[in-house]
Amino acid sequence: MQNKIVPKIKPSAIFSIKGLITYQRINVEELIIQKIRDEETRNYGFNLLVREYQERVYWHVRKMVVDHDDADDLVQEIFVKVWKNLGSFREDAKLYTWIYRIATNECLTFLKKKKRKYFVSIGDVTKELSEKLDEDVNISGDEVQLKLQKALLKLPDKQRVVFNMKYFDEMKFAEIAEVTGTSVGALKASYHHAVKKIEEFLVDD
Amino acid sequence: MKPIKLDDIKKVSRPYSVPEGYFEDLPLKIQTRIQSERKESWIRTPAFKLAFAIAAMLTIVMSIVFVNQSVNPEDLLADIPEEELLAYANLMQFEESDIFSAFEGSIEEIDFFDADGLDNLELEDSTLDDLLLEYDLSDEYL
(Lines give C-alpha, C1' and ligand atoms only; values in the text may rest on other atoms or scores of the structure.)
Protein backbone atom coordinates (compact mmCIF):
# COMPACT_ATOMS: atom_id res chain seq x y z
CA MET A 1 0.00 0.00 0.00
CA GLN A 2 1.30 3.43 -0.88
CA ASN A 3 1.92 5.91 1.91
CA LYS A 4 -0.28 8.96 1.80
CA ILE A 5 1.53 12.29 2.19
CA VAL A 6 -0.21 14.40 4.79
CA PRO A 7 0.77 18.08 5.07
CA LYS A 8 1.74 19.02 8.62
CA ILE A 9 0.46 22.62 8.48
CA LYS A 10 -2.86 24.22 9.12
CA PRO A 11 -4.95 24.66 5.91
CA SER A 12 -5.23 28.42 6.54
CA ALA A 13 -1.49 28.79 6.24
CA ILE A 14 -1.64 27.62 2.63
CA PHE A 15 -3.14 30.94 1.64
CA SER A 16 -0.12 32.94 2.68
CA ILE A 17 3.05 32.96 0.56
CA LYS A 18 5.13 31.80 3.47
CA GLY A 19 2.61 29.07 4.08
CA LEU A 20 2.83 28.01 0.46
CA ILE A 21 6.60 27.76 0.66
CA THR A 22 6.34 25.77 3.90
CA TYR A 23 3.72 23.49 2.35
CA GLN A 24 5.93 22.90 -0.67
CA ARG A 25 8.97 22.27 1.53
CA ILE A 26 7.16 19.71 3.65
CA ASN A 27 5.90 17.95 0.54
CA VAL A 28 9.39 17.74 -0.94
CA GLU A 29 10.78 16.55 2.39
CA GLU A 30 8.11 13.85 2.62
CA LEU A 31 8.86 12.75 -0.93
CA ILE A 32 12.61 12.56 -0.21
CA ILE A 33 12.02 10.55 2.96
CA GLN A 34 9.70 8.21 1.07
CA LYS A 35 12.32 7.59 -1.63
CA ILE A 36 15.15 7.17 0.86
CA ARG A 37 13.15 4.67 2.91
CA ASP A 38 12.99 2.31 -0.07
CA GLU A 39 16.29 0.57 -0.88
CA GLU A 40 15.53 0.62 -4.61
CA THR A 41 14.87 4.38 -4.78
CA ARG A 42 17.43 5.45 -2.17
CA ASN A 43 19.91 6.82 -4.72
CA TYR A 44 17.19 8.84 -6.40
CA GLY A 45 15.98 10.10 -3.03
CA PHE A 46 19.49 11.13 -2.05
CA ASN A 47 19.92 12.95 -5.34
CA LEU A 48 16.71 14.86 -4.62
CA LEU A 49 17.97 15.62 -1.12
CA VAL A 50 21.25 17.07 -2.42
CA ARG A 51 19.49 19.25 -4.97
CA GLU A 52 16.97 20.46 -2.38
CA TYR A 53 19.42 21.31 0.41
CA GLN A 54 22.78 21.99 -1.25
CA GLU A 55 22.39 25.76 -1.41
CA ARG A 56 21.11 26.15 2.13
CA VAL A 57 23.85 23.91 3.49
CA TYR A 58 26.48 25.73 1.42
CA TRP A 59 25.45 29.16 2.71
CA HIS A 60 25.20 27.90 6.26
CA VAL A 61 28.77 26.61 5.99
CA ARG A 62 30.15 29.49 3.94
CA LYS A 63 29.01 32.05 6.51
CA MET A 64 30.93 30.14 9.14
CA VAL A 65 34.19 29.40 7.27
CA VAL A 66 34.07 32.38 4.84
CA ASP A 67 36.45 30.82 2.28
CA HIS A 68 34.73 29.19 -0.74
CA ASP A 69 37.20 26.29 -1.10
CA ASP A 70 36.85 25.36 2.57
CA ALA A 71 33.07 25.60 2.27
CA ASP A 72 33.07 23.46 -0.90
CA ASP A 73 35.13 20.75 0.76
CA LEU A 74 32.99 20.81 3.91
CA VAL A 75 29.69 20.69 1.99
CA GLN A 76 30.84 17.59 0.12
CA GLU A 77 31.95 16.01 3.39
CA ILE A 78 28.61 16.86 5.00
CA PHE A 79 26.59 15.18 2.22
CA VAL A 80 28.84 12.11 2.34
CA LYS A 81 28.04 11.92 6.07
CA VAL A 82 24.35 12.38 5.34
CA TRP A 83 24.51 9.50 2.84
CA LYS A 84 26.35 7.25 5.27
CA ASN A 85 23.94 8.00 8.10
CA LEU A 86 20.66 7.87 6.20
CA GLY A 87 19.88 4.64 8.03
CA SER A 88 20.13 6.37 11.40
CA PHE A 89 17.80 9.23 10.47
CA ARG A 90 14.83 9.19 12.82
CA GLU A 91 11.73 10.01 10.87
CA ASP A 92 10.17 11.86 13.79
CA ALA A 93 12.82 14.56 13.26
CA LYS A 94 12.74 17.02 10.38
CA LEU A 95 15.10 16.11 7.58
CA TYR A 96 16.50 19.61 7.18
CA THR A 97 17.18 20.10 10.91
CA TRP A 98 18.98 16.74 10.88
CA ILE A 99 21.12 17.89 7.92
CA TYR A 100 21.71 21.25 9.61
CA ARG A 101 22.91 19.44 12.73
CA ILE A 102 25.48 17.48 10.73
CA ALA A 103 26.53 20.66 8.90
CA THR A 104 26.83 22.69 12.11
CA ASN A 105 28.92 20.03 13.84
CA GLU A 106 31.22 19.78 10.81
CA CYS A 107 31.70 23.55 10.75
CA LEU A 108 32.48 23.82 14.45
CA THR A 109 34.89 20.87 14.25
CA PHE A 110 36.59 22.41 11.20
CA LEU A 111 37.09 25.76 12.94
CA LYS A 112 38.35 24.08 16.10
CA LYS A 113 40.83 22.01 14.09
CA LYS A 114 41.96 25.09 12.18
CA LYS A 115 42.84 26.86 15.41
CA ARG A 116 44.56 23.78 16.82
CA LYS A 117 46.40 22.86 13.63
CA TYR A 118 48.12 26.15 13.13
CA PHE A 119 48.51 26.89 16.85
CA VAL A 120 46.84 30.19 16.26
CA SER A 121 44.69 32.13 18.66
CA ILE A 122 41.02 32.91 18.04
CA GLY A 123 42.03 36.49 17.25
CA ASP A 124 44.35 35.35 14.46
CA VAL A 125 41.66 33.18 12.87
CA THR A 126 39.24 36.13 13.01
CA LYS A 127 41.88 38.29 11.32
CA GLU A 128 42.48 35.66 8.63
CA LEU A 129 38.75 35.29 7.92
CA SER A 130 38.34 39.06 7.99
CA GLU A 131 41.04 39.40 5.31
CA LYS A 132 39.20 36.87 3.19
CA LEU A 133 36.12 39.06 3.43
CA ASP A 134 38.12 41.99 2.02
CA GLU A 135 39.15 39.82 -0.94
CA ASP A 136 35.55 38.87 -1.82
CA VAL A 137 34.44 41.11 -4.65
CA ASN A 138 30.77 40.62 -3.84
CA ILE A 139 30.92 41.99 -0.33
CA SER A 140 33.95 44.27 -0.39
CA GLY A 141 31.97 46.89 -2.32
CA ASP A 142 29.21 47.10 0.28
CA GLU A 143 30.68 48.88 3.30
CA VAL A 144 27.81 48.18 5.70
CA GLN A 145 27.63 44.49 4.83
CA LEU A 146 31.39 44.16 5.10
CA LYS A 147 31.25 45.80 8.55
CA LEU A 148 28.46 43.48 9.64
CA GLN A 149 30.28 40.35 8.45
CA LYS A 150 33.48 41.47 10.19
CA ALA A 151 31.53 42.13 13.36
CA LEU A 152 30.04 38.62 13.16
CA LEU A 153 33.51 37.10 13.02
CA LYS A 154 34.20 38.55 16.48
CA LEU A 155 31.52 36.34 18.02
CA PRO A 156 32.44 32.93 19.46
CA ASP A 157 31.79 30.20 16.85
CA LYS A 158 28.84 28.63 18.67
CA GLN A 159 27.15 31.98 19.19
CA ARG A 160 27.80 32.93 15.56
CA VAL A 161 26.19 29.75 14.26
CA VAL A 162 23.09 30.40 16.36
CA PHE A 163 22.95 34.00 15.19
CA ASN A 164 23.26 32.94 11.54
CA MET A 165 20.43 30.42 11.80
CA LYS A 166 18.11 32.92 13.49
CA TYR A 167 19.00 36.10 11.65
CA PHE A 168 19.83 34.94 8.10
CA ASP A 169 17.97 31.62 7.81
CA GLU A 170 15.00 32.85 9.88
CA MET A 171 14.70 29.56 11.70
CA LYS A 172 12.52 29.24 14.78
CA PHE A 173 14.26 28.85 18.14
CA ALA A 174 12.62 25.43 18.48
CA GLU A 175 14.23 24.34 15.20
CA ILE A 176 17.62 25.77 16.22
CA ALA A 177 17.24 23.89 19.50
CA GLU A 178 16.81 20.66 17.51
CA VAL A 179 19.96 21.42 15.55
CA THR A 180 22.19 22.46 18.44
CA GLY A 181 20.70 20.37 21.22
CA THR A 182 20.45 23.52 23.38
CA SER A 183 17.35 24.72 25.21
CA VAL A 184 15.17 27.39 23.60
CA GLY A 185 15.74 29.70 26.59
CA ALA A 186 19.51 29.47 26.29
CA LEU A 187 19.31 30.11 22.54
CA LYS A 188 17.16 33.21 23.04
CA ALA A 189 19.66 34.57 25.55
CA SER A 190 22.59 33.74 23.24
CA TYR A 191 20.92 35.49 20.28
CA HIS A 192 20.03 38.55 22.35
CA HIS A 193 23.65 38.88 23.52
CA ALA A 194 24.94 38.35 20.00
CA VAL A 195 22.78 41.17 18.62
CA LYS A 196 24.00 43.52 21.38
CA LYS A 197 27.65 42.64 20.75
CA ILE A 198 27.28 43.08 16.99
CA GLU A 199 25.71 46.52 17.43
CA GLU A 200 28.59 47.48 19.72
CA PHE A 201 31.17 46.20 17.24
CA LEU A 202 29.49 48.17 14.46
CA VAL A 203 29.76 51.40 16.49
CA ASP A 204 33.37 50.72 17.56
CA ASP A 205 34.50 50.08 13.98
CA MET B 1 28.52 58.21 17.92
CA LYS B 2 25.01 57.36 16.71
CA PRO B 3 24.08 53.80 17.74
CA ILE B 4 23.55 51.35 14.88
CA LYS B 5 20.64 48.94 15.12
CA LEU B 6 20.80 45.60 13.36
CA ASP B 7 17.27 46.17 12.08
CA ASP B 8 18.47 49.24 10.19
CA ILE B 9 20.85 47.15 8.09
CA LYS B 10 19.53 45.48 4.96
CA LYS B 11 19.56 41.71 5.43
CA VAL B 12 21.65 39.92 2.81
CA SER B 13 21.50 36.21 3.47
CA ARG B 14 23.88 35.26 0.63
CA PRO B 15 26.60 37.89 0.88
CA TYR B 16 29.59 36.23 -0.80
CA SER B 17 30.47 35.52 -4.41
CA VAL B 18 30.24 31.93 -5.64
CA PRO B 19 31.91 30.54 -8.81
CA GLU B 20 29.55 30.41 -11.77
CA GLY B 21 27.75 27.10 -12.23
CA TYR B 22 28.94 25.88 -8.84
CA PHE B 23 25.56 24.52 -7.69
CA GLU B 24 24.96 22.77 -11.03
CA ASP B 25 28.21 20.82 -10.62
CA LEU B 26 27.97 20.14 -6.90
CA PRO B 27 25.65 17.06 -6.98
CA LEU B 28 28.05 15.28 -9.36
CA LYS B 29 31.04 16.15 -7.16
CA ILE B 30 29.23 14.71 -4.17
CA GLN B 31 28.32 11.52 -6.07
CA THR B 32 31.94 11.09 -7.17
CA ARG B 33 33.16 11.54 -3.60
CA ILE B 34 30.67 8.97 -2.32
CA GLN B 35 31.80 6.49 -5.00
CA SER B 36 35.46 6.91 -4.04
CA GLU B 37 34.62 6.60 -0.32
CA ARG B 38 32.72 3.37 -1.10
CA LYS B 39 35.83 1.90 -2.75
CA GLU B 40 37.99 2.99 0.16
CA SER B 41 35.53 1.65 2.71
CA TRP B 42 35.59 -1.75 0.94
CA ILE B 43 39.37 -1.79 1.39
CA ARG B 44 38.85 -0.97 5.06
CA THR B 45 36.45 -3.89 5.69
CA PRO B 46 37.61 -6.59 8.13
CA ALA B 47 37.11 -9.27 5.42
CA PHE B 48 39.48 -7.46 3.05
CA LYS B 49 42.04 -6.89 5.81
CA LEU B 50 41.91 -10.59 6.74
CA ALA B 51 42.27 -11.71 3.11
CA PHE B 52 45.17 -9.31 2.64
CA ALA B 53 46.89 -10.54 5.82
CA ILE B 54 46.50 -14.20 4.73
CA ALA B 55 47.85 -13.45 1.24
CA ALA B 56 50.82 -11.58 2.74
CA MET B 57 51.57 -14.45 5.15
CA LEU B 58 51.41 -17.01 2.32
CA THR B 59 53.77 -14.91 0.21
CA ILE B 60 56.26 -14.68 3.09
CA VAL B 61 56.07 -18.43 3.83
CA MET B 62 56.47 -19.36 0.15
CA SER B 63 59.42 -16.98 -0.21
CA ILE B 64 61.16 -18.58 2.79
CA VAL B 65 60.58 -22.09 1.37
CA PHE B 66 61.84 -21.01 -2.06
CA VAL B 67 64.97 -19.38 -0.64
CA ASN B 68 65.75 -22.47 1.44
CA GLN B 69 65.27 -24.72 -1.58
CA SER B 70 67.73 -22.91 -3.80
CA VAL B 71 70.82 -24.55 -2.21
CA ASN B 72 74.24 -24.99 -3.75
CA PRO B 73 74.23 -27.81 -6.45
CA GLU B 74 77.59 -29.04 -5.18
CA ASP B 75 76.01 -29.69 -1.78
CA LEU B 76 73.29 -31.66 -3.48
CA LEU B 77 75.81 -33.75 -5.43
CA ALA B 78 77.76 -34.42 -2.24
CA ASP B 79 74.73 -36.19 -0.79
CA ILE B 80 74.54 -38.63 -3.74
CA PRO B 81 76.55 -41.87 -3.30
CA GLU B 82 79.52 -42.19 -5.59
CA GLU B 83 78.27 -45.49 -7.15
CA GLU B 84 75.09 -43.81 -8.21
CA LEU B 85 76.98 -40.97 -9.85
CA LEU B 86 79.13 -43.41 -11.80
CA ALA B 87 76.08 -45.48 -12.73
CA TYR B 88 74.45 -42.31 -13.99
CA ALA B 89 77.53 -41.43 -16.00
CA ASN B 90 77.50 -44.92 -17.57
CA LEU B 91 73.82 -44.70 -18.28
CA MET B 92 74.22 -41.37 -20.04
CA GLN B 93 77.26 -42.76 -21.82
CA PHE B 94 79.49 -39.89 -20.83
CA GLU B 95 83.01 -40.02 -22.15
CA GLU B 96 85.77 -39.41 -19.64
CA SER B 97 86.57 -36.22 -21.51
CA ASP B 98 82.98 -35.02 -20.91
CA ILE B 99 83.43 -35.43 -17.20
CA PHE B 100 86.72 -33.57 -17.27
CA SER B 101 85.30 -30.84 -19.43
CA ALA B 102 82.67 -30.30 -16.75
CA PHE B 103 85.48 -29.25 -14.44
CA GLU B 104 86.99 -26.92 -16.98
CA GLY B 105 88.19 -23.70 -15.46
CA SER B 106 88.06 -25.12 -11.97
CA ILE B 107 90.56 -27.91 -12.37
CA GLU B 108 92.85 -26.28 -9.78
CA GLU B 109 90.09 -26.62 -7.25
CA ILE B 110 90.01 -30.40 -7.56
CA ASP B 111 92.07 -32.27 -5.05
CA PHE B 112 93.03 -35.39 -7.01
CA PHE B 113 94.43 -37.11 -3.99
CA ASP B 114 91.09 -36.83 -2.21
CA ALA B 115 89.09 -37.70 -5.26
CA ASP B 116 89.05 -41.44 -4.52
CA GLY B 117 86.17 -41.96 -6.90
CA LEU B 118 88.37 -41.03 -9.85
CA ASP B 119 90.60 -44.05 -9.17
CA ASN B 120 88.03 -46.20 -10.85
CA LEU B 121 88.15 -44.19 -14.05
CA GLU B 122 89.97 -46.09 -16.80
CA LEU B 123 91.58 -43.61 -19.16
CA GLU B 124 93.43 -44.54 -22.27
CA ASP B 125 97.06 -43.38 -22.36
CA SER B 126 96.46 -41.04 -25.28
CA THR B 127 93.52 -39.39 -23.50
CA LEU B 128 95.55 -39.06 -20.32
CA ASP B 129 98.44 -37.51 -22.26
CA ASP B 130 96.10 -35.08 -23.94
CA LEU B 131 94.61 -34.06 -20.62
CA LEU B 132 97.97 -33.60 -18.94
CA LEU B 133 99.10 -31.45 -21.85
CA GLU B 134 95.87 -29.47 -21.90
CA TYR B 135 96.07 -28.64 -18.22
CA ASP B 136 99.82 -28.06 -18.34
CA LEU B 137 100.64 -30.89 -15.97
CA SER B 138 103.05 -32.77 -18.25
CA ASP B 139 106.13 -31.61 -16.33
CA GLU B 140 104.73 -32.99 -13.12
CA TYR B 141 103.53 -36.37 -14.33
CA LEU B 142 105.35 -37.26 -17.55
Side-chain angles (χ1 to χ4, degrees), chain A residues 43 46-52 54-60 62-63 66-69 71-73 75-84 132-133 135-142 144-149 151-152 163-164 167-170 194-205, chain B residues 1-70:
Chain A
N43 277 337
F46 180 71
N47 199 25
L48 283 180
L49 179 149
V50 171
R51 284 175 196 281
E52 177 67 16
Q54 59 173 356
E55 289 199 36
R56 291 169 71 186
V57 170
Y58 172 83
W59 283 109
H60 181 61
R62 179 80 191 266
K63 273 179 251 164
V66 180
D67 182 63
H68 167 75
D69 291 333
D72 176 40
D73 197 44
V75 169
Q76 290 181 46
E77 192 58 41
I78 287 160
F79 280 108
V80 169
K81 281 211 164 159
V82 168
W83 167 258
K84 282 183 183 169
K132 279 183 180 161
L133 282 175
E135 291 163 11
D136 194 299
V137 284
N138 211 40
I139 196 165
S140 57
D142 190 331
V144 182
Q145 287 303 321
L146 187 63
K147 252 186 162 186
L148 173 63
Q149 291 300 328
L152 283 175
F163 178 87
N164 285 345
Y167 180 76
F168 292 113
D169 302 338
E170 297 180 350
V195 172
K196 274 191 130 185
K197 276 197 237 176
I198 289 163
E199 287 174 346
E200 280 169 20
F201 292 146
L202 288 171
V203 173
D204 289 346
D205 284 347
Chain B
M1 188 175 271
K2 191 188 162 193
I4 299 172
K5 289 279 165 198
L6 200 59
D7 293 339
D8 300 334
I9 297 172
K10 188 185 155 201
K11 194 187 286 185
V12 182
S13 56
R14 296 174 178 195
Y16 313 120
S17 52
V18 179
E20 217 180 303
Y22 172 68
F23 291 111
E24 281 82 55
D25 300 337
L26 187 57
L28 186 68
K29 278 163 93 175
I30 292 166
Q31 281 297 338
T32 312
R33 192 143 164 178
I34 287 172
Q35 292 296 330
S36 66
E37 293 239 343
R38 268 180 182 168
K39 279 180 199 163
E40 277 177 33
S41 67
W42 181 78
I43 288 169
R44 278 190 234 116
T45 56
F48 180 84
K49 282 180 184 171
L50 184 68
F52 185 80
I54 290 169
M57 283 293 288
L58 278 173
T59 309
I60 292 166
V61 168
M62 284 171 75
S63 305
I64 291 167
V65 169
F66 179 76
V67 167
N68 284 341
Q69 271 183 346
S70 45

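Naming: A, B, ... by sequence-line order, numbering from 1 per chain.
Annotation: the span from Gln54(A) atom CD to Lys29(B) atom NZ amounts to 10.5 Å, rounded to 0.5 Å. A distance of 10.0 Å separates NZ of Lys81(A) from CD of Glu37(B), quoted to the nearest 0.5 Å. A distance of 9.5 Å separates CZ of Phe79(A) from CD1 of Ile34(B), quoted to the nearest 0.5 Å. Atoms OG and NZ, from Ser13(B) and Lys63(A) in turn, are 5.5 Å apart once rounded to the nearest 0.5 Å.
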_Please determine whether side-chain contact (heavy atoms from CB on, under 4.5 Å) holds for the pair Ile9(B) and Leu202(A), giving the CA-CA distance in whole Å, both sets of side-chain angles, and the decisive distance to 0.1 Å._
CA-CA 11 Å; Ile9(B) 297 172; Leu202(A) 288 171; 3.5 Å; yes
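Enclosure of atom CZ in Phe52(B) is not indicated, since only 12 or fewer non-hydrogen atoms of other residues, nucleotides or ligands lie within 6.0 angstrom. By the neighbour-count criterion of 12 heavy atoms within 6.0 Å, atom NZ of Lys196(A) is sparsely surrounded, having that number or fewer from other residues, nucleotides or ligands.
If you measure heavy-atom distances from Val80(A) to chain B, the contacts under 4.5 Å come from both the backbone and the side chain. For Phe46(A), the part lying near chain B is the side chain, with the backbone staying farther off; criterion is any non-hydrogen pair under 4.5 Å. The contact between Arg51(A) and chain B is made entirely by side chain atoms (from C-beta outward), counting heavy-atom distances below 4.5 Å. Using a 4.5 Å cut-off between heavy atoms, Asp72(A) contacts chain B through both its backbone and its side chain.
The aromatic rings of Tyr22(B) and Tyr58(A) sit tilted relative to each other, their planes meeting at an angle between 30° and 60°.
Using a 4.5 Å cut-off on side-chain heavy atoms (C-beta onward), Trp83(A) and Ile30(B) make no contact. Between His68(A) and Tyr16(B), every side-chain heavy-atom pair lies at or beyond the 4.5 Å cut-off.
A donor-acceptor pair is defined here as one N or O able to donate and one able to accept, closer than 3.5 Å; no such pair exists between the side chain of Arg62(A) and the backbone of Pro15(B).
Between Gln145(A) and Lys10(B), the shortest heavy-atom distance links the atoms NE2-O, 2.6 Å. Minimum heavy-atom separation, Asn47(A) to Pro27(B): OD1-CB, 4.3 Å.
A salt bridge links Asp73(A) with Arg33(B): at least one charged nitrogen is closer than 4.0 Å to a carboxylate oxygen.
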